[in-house]
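Just below is one structure, and these are the notes that go with it.
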Amino acid sequence: MRENKVMGIIFSDMHDSALGALTENRTTASVPFGGRYRLIDFTLSNMVNSDISDIGIITKSNYQSLMDHVGAGRPWDLARKRGGLAIIPPFASHGGLGIYRGRLEALAGALSYIRHNDAKYVMISDSDVIANVDLRDMVKQHIASNAQMTLLYKTITVGPDLKGEDLTLMTLDEETGDVKDIARYASAKGQQNLYLNVLLIEKTLLERMINDAMSHDQYSMVRHCIQPAVGRMTVKGYAFEGYATKIENMNSYFAAHMDLLKPEVRTELFPKDRPVFTKVRDQVSVRYGLSSKVGNSLIADGCIINGEVYNSIIFRGAKIGKDAVVRNCIIMQNTYVGDNAHLEYVISDKDVLIKDSRTLVGYETHPIYISKGDTI
Amino acid sequence: MRENKVMGIIFSDMHDSALGALTENRTTASVPFGGRYRLIDFTLSNMVNSDISDIGIITKSNYQSLMDHVGAGRPWDLARKRGGLAIIPPFASHGGLGIYRGRLEALAGALSYIRHNDAKYVMISDSDVIANVDLRDMVKQHIASNAQMTLLYKTITVGPDLKGEDLTLMTLDEETGDVKDIARYASAKGQQNLYLNVLLIEKTLLERMINDAMSHDQYSMVRHCIQPAVGRMTVKGYAFEGYATKIENMNSYFAAHMDLLKPEVRTELFPKDRPVFTKVRDQVSVRYGLSSKVGNSLIADGCIINGEVYNSIIFRGAKIGKDAVVRNCIIMQNTYVGDNAHLEYVISDKDVLIKDSRTLVGYETHPIYISKGDTI
Amino acid sequence: MLRKKEWIAMLLAGGQGSRLYALTQNLAKPAVPFGGKYRIIDFPLSNCINSGIDTVGVLTQYQPMVLNEYLGNGQPWDLDRNDGGVFVLPPYQKSSGSDWYTGTANAIYQNINFIERYDPSYVLILSGDHIYKMDYEKMLAYHKEKGADCTIAVLQVPLEEASRFGIMNAYPDGTIYEFEEKPPEPKSNLASMGIYIFTWEKMRKYLIADANDPNSQKDFGKNILPAMLNDNQKMVAYPFEGYWKDVGTIDSLWEANMDLLDPKVPLDLYDDSWKIYSRTPVMPPHYVSNEAEIQNSMITEGCTIDGKVDFSVLFYGVVVEEGAIVRDSIVMPGSVIKKGAVVEYSIIAENSVIGEGAKVGQRPEDAEDRDQWGIAVVGNNVKVGKGAVVPPKAMLDHDVQGVE
Amino acid sequence: MLRKKEWIAMLLAGGQGSRLYALTQNLAKPAVPFGGKYRIIDFPLSNCINSGIDTVGVLTQYQPMVLNEYLGNGQPWDLDRNDGGVFVLPPYQKSSGSDWYTGTANAIYQNINFIERYDPSYVLILSGDHIYKMDYEKMLAYHKEKGADCTIAVLQVPLEEASRFGIMNAYPDGTIYEFEEKPPEPKSNLASMGIYIFTWEKMRKYLIADANDPNSQKDFGKNILPAMLNDNQKMVAYPFEGYWKDVGTIDSLWEANMDLLDPKVPLDLYDDSWKIYSRTPVMPPHYVSNEAEIQNSMITEGCTIDGKVDFSVLFYGVVVEEGAIVRDSIVMPGSVIKKGAVVEYSIIAENSVIGEGAKVGQRPEDAEDRDQWGIAVVGNNVKVGKGAVVPPKAMLDHDVQGVE
């Protein structure tokens with residue numbers, strides 16, 4: 001009944017293997033980020049802030065932590081009577097193997113969910129991009145340009161911005177904005193249009209493509225759906241101009257956190273009128289002791305800071321002991337850093353205990369990762 | 001912090017194989033019952049009406065329909081910020097095979113969920129019993145008698161009440177109420193104490209038993225947990241005096257519906273102060289046409305009745321055509337019975353279409369089952 | 001912090017609704033039951049959510065508690081939102097003093113702060129005593145397309161009845177050039193439905209001006225709209241087609257319920273794409289015994305029918321005992337019609353009991369004095385004793401002793 | 001239809017709280033921010049849910065809108081219930097007339113219908129201006145154990161301060177035999193905390209009797225409790241140990257915030273088994289720059305700290321610019337302390353701006369006249385201009401021009 005309604009589909013685990021230890025017990029979507037968030041918070045909030053309120057999250061395995069995080073969708077106002085948030089588990093509609101080879105195949109498992117929705121368009125997104133995007137503008141362009149597909153991209157300079165490891169890049173017709181080519185490149189250079197794995201498509205077209213793909217045993221979104229459409233359908237690019245970064249591996253995960261320390265990045269990621277929602281934990285304000293010293297750091301609620309913290313991101317409920325020094329670190333939830341400990345270039349996962357006077361020093365390109373629950 | 005808090009665990013699919021066609025696309029828990037309910041509504045409502053508000057539902061497969069039904073738990077007031085309803089999917093904690101051989105093994109997958117709760121007791125229940133039980137009395141008896149386990153049972157006469165196919169029966173010490181023996185019997189006769197597969201146990205004891213079972217590759221609740229405890233621990237029975245019936249197969253499913261037509265059964269199942277909650281569907285009142293005739297039937301909201309209905313249960317949104325005759329039937333949601341059709345002893349699943357003037361006649365012991373979505 | 005909203009709705013839930021006297025003794029008019037499962041307010045609220053409005057202020061000062069509890073967290077209407085939802089807004093004390101609402105415009109004026117929290121571009125004004133289904137989003141599109149400051153939904157009524165309504169005289173393009181309140185000689189048949197969309201900035205200005213005008217009655221129809229028209233603001237009539245009924249009187253409430261039994265009346269409650277939502281207690285399906293006879297009626301969950309029901313609407317949890325007859329009547333939630341009682345052309349409010357063999361109401365054809373005939377009303381929680389007679393057109397708000 | 005509840009709570013959210021003047025211009029006292037993330041009402045509400053109470057009526061007639069919106073559907077406190085939850089209960093019009101609340105007892109009296117819906121055995125009466133953590137369930141167990149009609153929570157205060165409180169004189173078994181309101185020569189040091197549990201049946205009787213007494217002030221402490229004591233009803237004192245603070249004055253509000261910075265004060269907000277819940281907007285972690293210095297303070301999400309913060313509590317979204325100093329102060333949500341400004345011994349309310357180089361408040365040791373010294377207060381949405389000076393003990397509710 002709502003005209004031009006858009007529904008959302010989010011892949012929660014397309015990049016699990018690339019993130020290594022971070023996704024050992026969780027999906028890409030539920031990787032902690034930025035002091036109090038999980039990666040999926042950005043995609044979910046972008047959709048919700050863009051009036052997309054029926055959202056299905058496709059999962060494969062390891063999704064208990066994801067379910068714990070999103071719950072019924074309340075923080076994103078997706079706990080709706082009609083529509084709202086849906087977790088689409090692996091056994092949903094097909095065989096029961098619970099595995100899929102690509103996004104297109106994963107969508108097949110969500111076909112009945114998609115079909116039952118009364119939306120006209122579907123916004124399909126991965127959950128590994130950190131950006132605050134007003135997707136309404138993308139929808140507007142899609143409708144105005146009579147496109148059959150619109151692909152979100154960002155113009156980047158490979159090298160400084162991204163390492164150019166296996167990126168999906170697009171070539172665009174400068175006049176029409178039509179996508180002329182899209183492909184994966186292992187070693188691109190210079191200015192490039194990076195596909196952000198966000199696709200807007202008419203629902204009926206998507207349903208047809210999924211059915212076609214199932215009949216032909218095809219599974220890849222880019223290879224079997226977008227590439228064949230280029231040239232035959234109206235496939236447009238929508239350029240995102242703001243801050244965006246993909247979490248591709250531990251290094252880009254670390255780099256994205258360091259980006260957060262720049263005020264201009266925070267301004268772009270956390271505008272007042274498009275908040276990034278996340279699960280509420282009812283933590284107390286941060287308590288700074290008499291001997292604390294902090295510089296260029298982000299500190300989330302529930303922390304107790306008695307030591308020194310520089311160039312670091314401290315997640316909710318962490319405790320930094322007296323005379324401890326934490327420098328260039330990502331300290332996740334409930335990590336306890338003992339008195340006199342000394343940490344540099346450390347990524348400590350949740351519930352880590354660093355005992356008094358321990359020293360751990362990594363290097364910018366090789367941060368030390370400490371697994372969830374470990375004691376050092 | 002709440003004294004004597006009880007948490008609940010419900011098995012959603014222990015009886016899938018026994019129910020045959022009814023569970024082809026759903027778990028036992030989500031089998032439709034009584035015009036507007038699903039089987040699990042009775043167990044869930046019993047728990048909620050007995051102040052049990054942290055409830056985990058253990059699932060294996062086929063659980064999309066269950067998730068659709070229970071959602072975030074809102075109808076049972078289980079959409080809580082703390083506690084409330086949790087779906088425990090198969091991949092939760094162990095290997096990832098998603099199959100289990102018995103209740104005890106299934107509980108192993110829920111161990112971390114159980115451990116994290118601050119309850120003192122755990123109420124463990126199947127979802128195949130139709131009864132309205134005030135479990136608070138059972139908890140009171142459990143505490144007063146210093147029992148380590150309390151088992152819910154009903155004294156029945158095998159034969160008329162139940163067919164005696166593979167029942168778990170208990171022998172009790174008449175003076176102390178201690179359970180002296182519990183075992184499965186394929187051919188019991190006369191008055192017997194039928195175990196209703198509802199067990200109350202102290203949480204720490206349960207956790208220990210689950211861990212023990214995992215170490216010894218044990219999986220059966222009755223065989224590896226209750227039977228060894230009999231004689232060694234204080235295992236008590238709690239007798240339920242009211243109406244209770246187990247849905248064991250298609251025949252007992254049919255018989256339980258016919259029971260619903262008795263006012264005394266409805267009075268016991270639907271007392272005003274312990275309502276049976278279920279998902280709200282916002283259906284309109286039933287519309288009776290000028291030519292309708294109805295006797296001894298239960299009709300749920302959203303139906304349109306233009307024909308004749310006798311000794312039947314008509315689920316939400318069904319339509320009975322002009323001059324159609326429906327007798328001794330269970331007509332599930334959105335079934336359409338055409339004009340002049342004639343049905344006796346038919347169980348039609350959801351979304352069935354019976355065309356005009358079709359005749360289908362079964363027999364009491366052999367009702368005709370029509371699968372979901374079929375057209376006759 | 002809150003996101004700007006394109007529009008929100010303000011629902012004037014009104015006062016006691018004294019013309020419904022026995023039905024509104026303890027509750028506001030919008031909370032009066034309707035159509036087996038609903039209350040009147042379910043219609044505008046469901047229209048809102050179906051039209052994409054997620055924030056509704058409900059203005060009332062009469063018995064707001066029942067409404068407050070009925071609306072609760074707004075969940076049945078999917079109005080349970082982190083940012084927005086449904087709010088009951090009674091009058092309150094400010095540091096500058098306190099006021100009851102003195103008119104429809106004043107009620108909105110006193111809640112300007114509420115509206116501004118959402119920074120809406122448009123405000124939809126609704127009232128709480130109409131039964132209809134309407135896509136307000138289409139009306140908003142019309143408002144924008146016409147570049148209007150105020151859009152008023154209008155219904156074509158038979159010209160001979162037009163003098164009972166507020167009539168909009170408009171040019172062919174929809175622009176209104178004149179209002180007439182109940183004109184003796186109407187120039188058009190476009191009746192105002194009491195549904196307005198205002199461009200908020202304009203509305204705000206006129207509300208403040210009106211509040212400062214000591215001679216104003218603080219009423220939308222009498223003050224705000226004429227003032228805007230006077231100032232040559234762009235006001236347009238939005239034509240509505242479909243079922244619409246004011247249920248502010250006993251007769252119209254009874255008729256509107258009976259309309260549901262008439263297949264020719266275009267109010268389709270079965271349409272899944274425009275559901276009417278409500279909060280109802282969970283009850284088992286209704287039971288019909290072998291002794292029952294039901295014809296052309298609506299029966300709801302939790303009912304038990306052993307008697308005869310004919311051309312009637314029965315709400316949830318109603319009991320009709322053996323030998324009882326309910327005919328051309330409305331029986332609201334939880335009421336019991338005892339053995340052998342006869343209820344005709346009546347409205348029985350909630351949780352009442354009609355005793356054995358009692359007679360409530362009468363068919364018009366059986367009435368001795370047709371001028372004195374009318375729908376009989378039995379109020380909430382009223383007990384009519386065994387064998388007692390409640391005559392047609394009665395308005396019963398207290399128990400009646402039985403006759404042995 | 002509703003299940004009987006063992007107990008429910010009624011929270012007297014009170015009036016304007018005029019002693020907090022500049023802070024309560026536009027909101028009721030219980031909505032005043034406290035402790036970085038909370039509002040005062042979060043404490044009794046969280047105590048309720050942690051004690052197993054799922055139904056709370058909040059009685060207020062002063063600016064209920066902010067409270068209404070803050071409490072919303074009750075979800076942050078897990079009070080979003082199908083049957084129960086949290087309700088704001090302002091006065092309303094009945095068919096028999098309408099009344100503002102004329103006293104604490106009258107406010108409960110006017111809501112007897114609300115209470116009876118839940119058919120409680122016991123009713124807990126709370127007030128909305130105390131900071132404490134308390135397990136009301138233990139108090140209820142005590143009430144039942146003693147077979148009391150009314151149980152009053154009491155705190156041991158130093159005997160020399162007892163004359164500032166309502167003092168309960170009780171026998172060793174807890175039975176109260178006498179009240180004294182602010183006695184010049186107190187006989188005991190048991191001060192009433194304004195927390196009562198009543199057996200509802202008894203309370204109902206006394207409320208109705210009180211409502212019919214034209215000489216009554218309709219107040220719990222002055223009328224209901226003495227009347228019950230007079231009639232020899234069983235009234236017992238429940239001894240509470242722990243942190244409890246009335247925050248009804250500027251000084252006590254400031255002190256209670258400062259108490260959070262004192263490790264010796266027994267109010268542990270970090271205890272996971274007794275969380276205090278609140279509704280806060282979602283904001284990123286706070287940022288501390290290389291120029292900042294922070295000592296012995298609490299800083300909340302969304303803050304940006306470039307200046308110096310010392311012995312202070314900063315709520316969410318506060319900005320302290322380079323060179324600014326905030327010392328021994330409380331800065332409420334969204335306020336900005338501009339470059340070089342100095343804020344000392346002050347409370348800055350929500351969304352205010354302290355201009356560049358402005359000075360607000362003063363240390364007592366720097367004050368010329370110690371008798372005129374006090375905490376400075378800057379109200380909500382107030383702008384203090386560049387270089388302006390707000391003296392100690394000021395209560396600023398309007399903008400102050402800058403000084404060039």
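Proteins get letters first, then strands, A, B, ... in listed order; numbering begins at 1 in each.
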If you look at every heavy atom in [X] and [Y], which pair is closest and at what distance?
{"X": "A:Ile299", "Y": "D:Val288", "result": "CG1-CG2, 4.5 Å"}
{"X": "A:Leu290", "Y": "D:Asn296", "result": "CD2-CB, 3.8 Å"}
{"X": "A:Asn296", "Y": "D:Asn290", "result": "N-OD1, 3.4 Å"}
{"X": "D:Pro285", "Y": "A:Gly34", "result": "CG-O, 3.3 Å"}

Item to check | Contact leader toward chain A among D:Ile305, D:Ile294, D:Asp310, where contacts are heavy-atom pairs under 4.5 Å | outcome: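 If we count pairs closer than 4.5 Å to chain A, D:Ile294 comes out on top.
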What distance do [X] atom [atom1] and [Y] atom [atom2] have between them, rounded to the nearest 0.5 Å?
{"X": "A:Ser285", "Y": "D:Glu301", "atom1": "OG", "atom2": "CD", "result": "8.0 Å"}
{"X": "D:Gln295", "Y": "A:Ile305", "atom1": "CD", "atom2": "CD1", "result": "14.0 Å"}
{"X": "D:Met283", "Y": "A:Arg36", "atom1": "CE", "atom2": "CZ", "result": "10.0 Å"}

Beyond-backbone contact of [X] with [Y], side-chain heavy atoms, under 4.5 angstrom:
{"X": "D:Pro284", "Y": "A:Tyr37", "answer": "yes"}
{"X": "A:Asp282", "Y": "D:Tyr38", "answer": "no"}
{"X": "A:Arg287", "Y": "D:Leu261", "answer": "yes"}

Item to check | Partner chain D: residue of A:Gly35, A:Pro263, A:Gly289, A:Cys303 with the largest heavy-atom pair count (under 4.5 Å) | outcome: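 With the most close heavy-atom pairs to chain D, the winner is A:Gly289.
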Next on the checklist: Applying ring-ring contact (aromatic ring centres under 6.0 Å, His included), can you list everything that pairs with A:Tyr288, at least two apart in sequence or on another chain?
Outcome noted: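 Listed in chain order: D:His286.
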For [X], is it the side chain, the backbone, both, or neither that has a heavy atom closer than 4.5 Å to a heavy atom of chain A?
{"X": "D:Phe315", "answer": "neither"}
{"X": "D:Glu293", "answer": "neither"}
{"X": "D:Asp80", "answer": "side chain"}
{"X": "D:Glu291", "answer": "neither"}
{"X": "D:Asp306", "answer": "neither"}

Next on the checklist: Can a donor-acceptor pair be found, under 3.5 Å and without considering hydrogens, that links the side chain of D:Lys37 to the backbone of A:Gln283?
Outcome noted: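 A pair under 3.5 Å: yes.
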Checklist entry - In terms of heavy-atom proximity below 4.5 Å to chain D, should A:Val280 be classed as side chain, backbone, both, or neither? => result neither
Checklist entry - So which part of A:Phe277 gets closer than 4.5 Å to some heavy atom of chain D, the side chain, the backbone, both or neither? => result both
